[in-house]
Number of protein chains: 2
Amino acid sequence: MLRVPVGEPVDLSAYDAAATPGGPKNKAAGRAATARMGKPLAALQERLWAAGAAGDRRRILLVLQGMDTSGKGGTVKHVIGLFNPSGCRIQAFKAPTPQELGHSFLWRIRRALPRPGEIGIFDRSHYEDVLIARVRDLVPRGEIESRYEQINDFERSLTEDGVTVVKCFLHISYDRQRRRLLKRLDNPDKHWKFDPADIDERALWPAYQEAYEIALRRCGTPYAPWYLVPADRKWYRNWAVSRLLLEHLRALDPQYPPADFDVTKCRERLLKGP
Amino acid sequence: MLRVPVGEPVDLSAYDAAATPGGPKNKAAGRAATARMGKPLAALQERLWAAGAAGDRRRILLVLQGMDTSGKGGTVKHVIGLFNPSGCRIQAFKAPTPQELGHSFLWRIRRALPRPGEIGIFDRSHYEDVLIARVRDLVPRGEIESRYEQINDFERSLTEDGVTVVKCFLHISYDRQRRRLLKRLDNPDKHWKFDPADIDERALWPAYQEAYEIALRRCGTPYAPWYLVPADRKWYRNWAVSRLLLEHLRALDPQYPPADFDVTKCRERLLKGP
């Protein structure tokens, strides 16, 4: 994966969605490397959770964005599945409900944030409000323009409150999406995942790529940078997101809190009971 | 595990917390058997989720109750960890907040229920309101008495709305609890899990056992029976809860919904695009 340089124009066509930068050399090695991260990831998560129980406000928010079939759901299943589920707060954002539309676009996002000690996962996010909203002209352009700054302010306030924001753009190619959609059609057990409207969205591919390029440029900040994850290869995508989470958790280096009680006395009380 | 007979008095002292009824013969076999359930559990969960996306209102609610150290959290980690985390809605209930106390005891429970297609997990639940509330005299006895019926009405309404309620009492022995609490004290990395107040609760062991016996008798119903899971052996506890979930999911037999669109036409549209 690549940390998108802050403040520079982004040209998605310059990035090969099938690349495996920094990754293991093939699928077997990639899967094994991801599995090996399971133990350290879960161990760090437990420390983060324990620290949170003692007042540490730090937490992780993983934001997953990408075109249909880019593997947001698969990442949750395979990467977040490595963690203890009780410390994960997962939210998939669909088209806003009438109630949600009655509030600022960040309202439903704020309600789904991870609590201290948790790992939050957004499958889609507030970025939809500058992606589909822009491509489909769902709100006036002036409102879209103001949202980039609102998002940056929001994410800065999150980081100031102890949230490490890890934003991943799962980058797939136009042709890989076709293959994945066809594969869904070929398997009746996958038809429930298919919506003919996905083909209409696909017809707007260039407009979506442009909307992503703008979002990555305008909302890539030093405190909440974007990561571009080539996602044509599922094993690489899983490895890359696991690796990113591992690096961020290691940097946080959460510690088990010390006892705030008399251990010896408690031991005695337990031993002398009936 | 044992399905607690409906309508009969319950004597917890008659059940050996170290027993392994119906289970594999030892720890190694038990762990292997639980791991083997991972694949069918996840497959059934996906079908449940897919059916839910197509309007099927069915879902599972796993209620975990038991004394401190009985392994509610461990069950979530090891059993619920077998599922796709995005289809699980996990809620751990702590002492009620002032806001929660301003409502009926079922208010916070209703807000945490699984949505159609999901597997909901309660680590503690509305049963605390007839357990600690009874033992600690937190509310008048008349109110406690009325709650058993309120719980039964509530659970019947859940089942009528498609919720399969699976209630597990994780049964540990007084002595096993002592050993687990001492183990936490022996390991500084576990001190965060320890609270000296746990020793005060432990002193009320007989009152808690009695409160559980009453709850199991009065709220064990044909539509939402209690399961008694001997929990002195962690491997057996994990096996038993996995097995219960597998049986219930198999009984639901959720099906992938058929396509509600023209598959051939969609395939053609995808292939003819640029």
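Each chain gets a letter, A, B and so on, in the order the sequences are listed, and its residues count up from 1. Small disclaimer: the values here were computed from a predicted structure and weren't measured.
- Heavy-atom distances place no part of B:A92 under 4.5 Å from chain A, backbone and side chain included.
- Here the straight-line distance linking atom CZ of B:R267 with atom CG of B:L270 works out to 9.5 Å at 0.5 Å rounding.
- Between A:Y256 and B:W192, the angle of the ring planes stays under 30°, which puts this pair in the parallel group of the 30/60° scheme.
- Nearest heavy atom pair, residue B:S242 against residue B:T34, reads OG-CG2, 3.5 Å.
- Contact of A:K265 with chain B is not made at all, since no heavy-atom distance falls under 4.5 Å.
- Cation-pi geometry between A:R111 and A:W107 is met: the NZ or CZ atom falls under 6.0 Å from the ring centre, inside 45° of the normal.
- Of the listed residues B:I90, B:D175, B:D260, B:L82, the one with more heavy-atom pairs under 4.5 angstrom with chain A than any other is B:I90.
- Side chains of A:M37 and A:W239 form a contact here, defined as non-hydrogen atoms less than 4.5 Å apart.
- Ranked by heavy-atom pairs under 4.5 Å with chain B, the list A:G81, A:P188, A:P196 is led by A:P196.
- For the set A:D262, A:L185, A:D123, the entry with the most heavy-atom pairs within less than 4.5 Å of chain B is A:L185.
- Heavy-atom pairs under 4.5 Å with chain A peak, among B:E46, B:K193, B:R47, B:R89, at B:E46.
- For residues 63-79 of chain B, the interface with chain A (any heavy-atom pair closer than 4.5 Å) comprises B:V76, B:K77, sorted by residue number.
- Within residues 197-206 of chain B, the residues having any heavy atom less than 4.5 Å from a heavy atom of chain A are, in residue-number order, B:I199, B:D200, B:R202.
- In this structure, B:D186 does not pair ionically with B:K183, as no charged nitrogen and carboxylate oxygen lie closer than 4.0 Å.
- Contacts with chain A were tallied for B:C266, B:G87, B:A259; B:C266 has the most, counting heavy-atom pairs under 4.5 Å.
- Counting heavy-atom pairs closer than 4.5 Å to chain B, the top residue among A:D189, A:D195, A:V263 is A:D189.
- Side-chain atoms of B:R184 do not come within 3.5 Å of backbone N or O of B:F194 as any donor-acceptor pair.
- Contact tally against chain B (heavy-atom pairs below 4.5 Å) for A:I80, A:T264, A:L182: the top residue is A:L182.
- Within the 4.5 angstrom heavy-atom criterion, atoms from both the backbone and the side chain of A:L271 approach chain B.
- Residue contact with chain B, scored on non-hydrogen atoms closer than 4.5 Å, is absent for A:A54.
- The distance from atom CZ of B:R58 to atom CG of B:L249, rounded to the nearest 0.5 Å, is 10.0 Å.
- For chain B, no part of A:F83 is nearby; none of its heavy atoms comes within less than 4.5 Å.
- Here B:L44 contributes atom CG and B:D253 contributes atom CG; the two are 8.0 Å apart, rounded to the nearest 0.5 Å.
- Under a 3.5 Å cut-off, the side chain of A:H248 and the backbone N or O of A:T164 do not form any donor-acceptor pair.
- Interatomic distance, A:E213 CD to A:D11 CG, rounded to the nearest 0.5 Å: 5.5 Å.
- Distance CZ/B:R269 to CG/A:L181: 11.0 Å, rounded to 0.5 Å.
- For B:Q177 (side chain) and B:I172 (main-chain N/O), no donor-acceptor pair under 3.5 Å exists by modelled atom type.
- Here the side chain of A:R31 pairs no donor or acceptor atom with the backbone of A:W235 at under 3.5 angstrom.
- With rounding to the nearest 0.5 angstrom, the OG1 atom of B:T97 is 9.5 Å from the NE2 atom of B:H103.
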